[in-house]
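Down below is the structure, laid out as structure tokens.
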Amino acid sequence: MIEIIYVQSNTSHPPGFDYTEYGDNDWWLFTITNTPAYFIIDGKRVVMPANTVILYPPFADIAYGGLENETYGDDWIRFRTDEPFICEGDVPFATPFRAMEHLFIKNLLSMLAAENFFQNQFKEFTILSLFQILFNKLRESLSNKDADFRELALQQLHMNIISNPSFPWSVPDMAKQLYICPRHLQKLYQKRYGISCMEDVIKHRLLMAKEKIASCNLPIYKIAEQCGYSNTEHFSRQFKNRFGISPKAYREKMKNS
């Protein structure tokens, strides 16, 4: 039996949206994102692309949300069940992964929302059937996971760089995430994003610094540290090379304007 508590399709939330539950709920939660999102998994922040799915079991800690500068959207369903294909099935719990047929899955959630609203004669049977189709599609996504892993891992690396450029990134450490050599990573990243991975790190560090310089009164050296630079002179040279103006002159320009 499956009891739907609440289901919503195509929701939208402002940038920086967060959702948290601390393991005192007796319901399941399934969600599929329409935008990039972060998930807290084993205490670590993991950024995933749009069309990521996750299944939380009852009494699980739940923490996910949107990125700081992007609107967050998802489809989700909260429910109770004792069905073995869910409770004892092979769809992992609290583990985000990419949905292969995301439009199909979102349509299923829309149908579940409609079926839950009306009091049809075969409502209970229809909801169970739709859930079985949903979980079959999730299993298909998992079976294709290995083929999609590299592209997904590359996207995740790119979004992690954007969301946390001040992290002490290195090409060898990035390559380990994709289980490939650094040279191969550089080729893949350049082909996919038109820029090397370390150039992407520098780009987003400097964009972060530019925003901080314009919006706060911290000393330049402190902003450089917050953006991942241990050497202020090196930071200033890179800032001027990218924006054609020194950090100090840029702050004065912003003050005057």
Side-chain angles (χ1 to χ4, degrees), residues 1-13 17 19 21 23 25-41 46-66 71-153 155-156:
M1 180 179 174
I2 296 176
E3 174 198 355
I4 294 178
I5 302 171
Y6 205 79
V7 54
Q8 276 199 320
S9 297
N10 201 27
T11 65
S12 181
H13 302 276
F17 167 78
Y19 180 73
E21 293 279 353
N25 47 277
D26 65 346
W27 36 258
W28 295 75
L29 173 66
F30 171 79
T31 185
I32 177 168
T33 66
N34 302 323
T35 58
Y38 79 86
F39 298 86
I40 303 300
I41 307 298
V46 178
V47 177
M48 297 289 287
N51 306 317
T52 292
V53 298
I54 191 165
L55 175 67
Y56 290 104
F59 308 109
D61 288 338
I62 301 172
Y64 65 86
T71 300
Y72 173 76
D74 64 5
D75 297 61
W76 58 273
I77 184 166
R78 189 180 296 167
F79 60 97
R80 295 187 180 94
T81 187
D82 55 2
E83 293 292 337
F85 74 88
I86 299 176
C87 302
E88 303 168 18
D90 47 11
V91 175
F93 301 157
T95 303
F97 60 93
R98 187 80 178 276
M100 296 296 105
E101 296 185 57
H102 56 275
L103 293 178
F104 192 100
I105 290 173
K106 290 170 185 176
N107 285 335
L108 284 172
L109 290 182
S110 295
M111 286 188 281
L112 281 165
E115 192 65 27
N116 189 56
F117 181 78
F118 295 106
Q119 297 301 318
N120 295 322
Q121 181 179 358
F122 300 108
K123 174 179 178 178
E124 186 175 317
F125 175 78
T126 303
I127 287 175
L128 177 61
S129 298
L130 289 172
F131 261 92
Q132 289 172 331
I133 296 171
L134 169 62
F135 275 75
N136 285 338
K137 288 301 175 184
L138 296 179
R139 293 186 187 95
E140 288 175 359
S141 293
L142 288 166
S143 67
N144 293 326
K145 189 176 178 182
D146 290 340
D148 191 55
F149 169 77
R150 187 148 297 164
E151 173 63 20
L152 179 59
Q155 290 181 30
Q156 184 171 328

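Note that the numbering runs from 1 along the sequence shown for the chain.
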State, with a plain yes or no, whether a side-chain heavy atom of [X] is found less than 4.5 Å away from one of [Y].
X: Thr33; Y: Tyr72; value: yes
X: Leu55; Y: Pro92; value: no
X: Asp90; Y: Leu142; value: no
X: Glu124; Y: Ile2; value: no
X: Pro49; Y: Arg98; value: yes
X: Val46; Y: Thr52; value: no
X: Val53; Y: Phe30; value: yes
X: Tyr19; Y: Ile62; value: yes

So, taking the atom named [atom1] in [X] and the one named [atom2] in [Y], what distance separates them when rounded to the nearest 0.5 Å?
X: Trp27; Y: Thr81; atom1: CH2; atom2: OG1; answer: 15.0 Å
X: Ile133; Y: Leu138; atom1: CD1; atom2: CG; answer: 12.0 Å
X: Glu140; Y: Glu101; atom1: CD; atom2: CD; answer: 5.5 Å
X: Leu112; Y: Ile127; atom1: CG; atom2: CD1; answer: 6.5 Å
X: Ile32; Y: Ser141; atom1: CD1; atom2: OG; answer: 8.0 Å
X: Ile77; Y: Leu134; atom1: CD1; atom2: CG; answer: 8.0 Å

Which residues satisfy the side-chain contact (heavy atoms from CB on, under 4.5 Å) test with [X], sequence neighbours excluded?
X: Thr71; answer: Ser12, Pro15
X: Glu3; answer: Arg80
X: Ile40; answer: Tyr38, Arg45, Ala63
X: Thr126; answer: Glu115, Phe122, Leu130

Does the Glu83 side chain pair with the main chain of Met1, one donor and one acceptor, at a distance under 3.5 Å?
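Yes; at least one donor-acceptor contact below 3.5 Å.
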Between the side chains of Asp74 and Thr11, is a donor N or O closer than 3.5 angstrom to an acceptor N or O?
yes
Give a yes-or-no answer on whether the side chains of Asp75 and Asn10 include a donor-acceptor pair shorter than 3.5 Å.
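The answer is no; no qualifying pair exists.
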Please verify the inter-ring angle class for Phe135 with Phe85; under 30° counts as parallel, over 60° as perpendicular, anything in between as tilted.
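Judged by the thresholds at 30° and 60°, the geometry between Phe135 and Phe85 is perpendicular.
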Nearest heavy-atom neighbours spanning Ala94 and Ile54
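Distance-wise, the nearest heavy atoms are C-CD1, 3.8 Å.
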List the steps and the verdict of side chain to side chain contact (heavy atoms under 4.5 Å, CB included) for Lys106 and Asn34.
CA-CA 9 Å; Lys106 290 170 185 176; Asn34 302 323; 2.8 Å; yes
I'd like to check the ring-ring contact (aromatic ring centres under 6.0 Å, His included) partners of Phe93; sequence neighbours left out, ordered by chain and number.
Trp28
Take Phe131 and Phe79 through the test ring-ring contact (aromatic ring centres under 6.0 Å, His included) and record every step on the way to the result.
CA-CA 11 Å; Phe131 261 92; Phe79 60 97; 4.9 Å; yes
How would you list, by chain and number, every residue that makes a side chain to side chain donor-acceptor pair (under 3.5 Å) with Tyr6, sequence neighbours excluded?
none
